[in-house]
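Below you'll find the structure, written out as structure tokens, and then a few comments.
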Amino acid sequence: MTICMPWHASVLTIFPEMLPGPLAFSLAGRALETGVWRLDCVNIREFALDRHRTVDDEPFGGGAGMVMRPDVVARALDAAVASAPDRPLLYLTPRGRPLCQERVRQLAEGQGVVLLCGRFEGVDQRVVEARALEEVSLGDIVLSGGEPAAIALLDACVRLLPGVMGSAQSVSEESFADGLLEYPQFTRPQDWQGHAVPAELLSGHHARIRAWRKRQAELVTEMRRPDLWVRHLAKQAPDRAAIRPVSAEM
Ligand code: SAH
């Protein structure tokens, strides 16, 4: 019998009650219950040494807000690493590299993650460097804390763990799987408030449906995400990366 270790997430936060939050529901919740993954919440405050359990202090150089102390955060990180080494250490921050599905896929294939959630103005940069934290952003927005970002990251990873999603096809066809956004989806009723479903989808002709969906995926990606589109073109035909836009072919 092979013993399968659960994918192991540790979340370092001063608000451990925020987790599992939405991760207790649906796919992720069921997978948590059945032991596909495991969640440890580490309360950073428990690693403060003073009577008041202080985790933050004023920024050197002045300015608004408080900064999380490197000594307290490092103790919390070191404890999480000691409990299960060989997991990447991520710090959620708007200064990080934007999270992408490719990175999510890599993380889901590993043994788990340690996620550091900032609060206040963030974490002292020295601990980020001393512990070689990978700085990851949820996007060009500023949250009030890292917890919602950690929850989003875990949700994205857990649904990819073996056995969590019903159909492997959903994963291989969804947005970003091939560098494109997904084609639009339609369901019943066939006629809704005078809006019809695209005729191609009713044709029953699989090749035509596939071609239509591919075209729609290309169009929406080109229009909304020129960054993804350019990369997609370069991958398709590296020597013709500057070929004419798909919309010009219409
Ligand atoms: N002063 C910081 C923002 C701090 S927000 C700045 O301007 O960059 C407080 C905490 O919320 C951060 O430490 C981080 O952990 C979290 N956070 C905010 N926005 C985020 C984002 N886009 N992605 C990931 N984490 C974020």
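Counting starts at 1 for both ligands and their atoms, following the listed order. Values below: every heavy atom of this structure, side chains too, minus hydrogens, waters and symmetry copies.
Comparing heavy-atom distances from atom 3 (C) of ligand 1 across A152, P94, G122 singles out P94 as nearest. Looking at E135, R119, E121, M68 and measuring to atom 2 (C) of ligand 1, the nearest heavy atom belongs to E121.
Annotation: side chain of T93 is not in contact with side chain of L133 (no heavy-atom distance under 4.5 Å). Side-chain contact between R131 and V81: absent, with no pair of heavy atoms (C-beta onward) separated by less than 4.5 Å. Between L154 and W7, the closest side-chain pair of non-hydrogen atoms falls below 4.5 Å. The closest side-chain heavy-atom distance from F176 to L228 is below 4.5 Å. Side chains of E46 and P16 form no contact here, defined as non-hydrogen atoms less than 4.5 Å apart.
Between A149 and ligand 1, a contact under 3.5 Å exists for no N or O pair. Considering backbone and side-chain N/O atoms, L92 comes within less than 3.5 Å of an N/O atom of ligand 1. Polar contact with ligand 1: absent for C117 (N/O pair, distance under 3.5 Å). For V142, no nitrogen or oxygen atom sits less than 3.5 Å from a nitrogen or oxygen atom of ligand 1, counting backbone and side chain alike. Not a single N or O atom of L116, backbone or side chain, sits closer than 3.5 Å to an N or O atom of ligand 1.
Shown here, atom 13 (O) of ligand 1 is in close reach of the protein: a heavy atom of it lies under 4.0 Å off.
Under 4.0 angstrom from ligand 1, the non-hydrogen atoms of F120 all belong to its backbone. Contacts between S137 and ligand 1, counted as non-hydrogen atom pairs separated by less than 4.0 Å, involve both the backbone and the side chain. Under 4.0 angstrom from ligand 1, the non-hydrogen atoms of T93 all belong to its backbone.
Once rounded to the nearest 0.5 Å, the distance linking CG of D178 with CD of E218 reads 9.0 Å.
Protein heavy atom closest to atom 10 (C) of ligand 1, with residue, atom name and distance, is G118 O, 3.5 Å.
With respect to the salt-bridge test (charged N to carboxylate O, under 4.0 angstrom), the residues E147 and R119 qualify.
In this structure, a donor-acceptor pair under 3.5 Å is present between the side chains of R103 and Q106.
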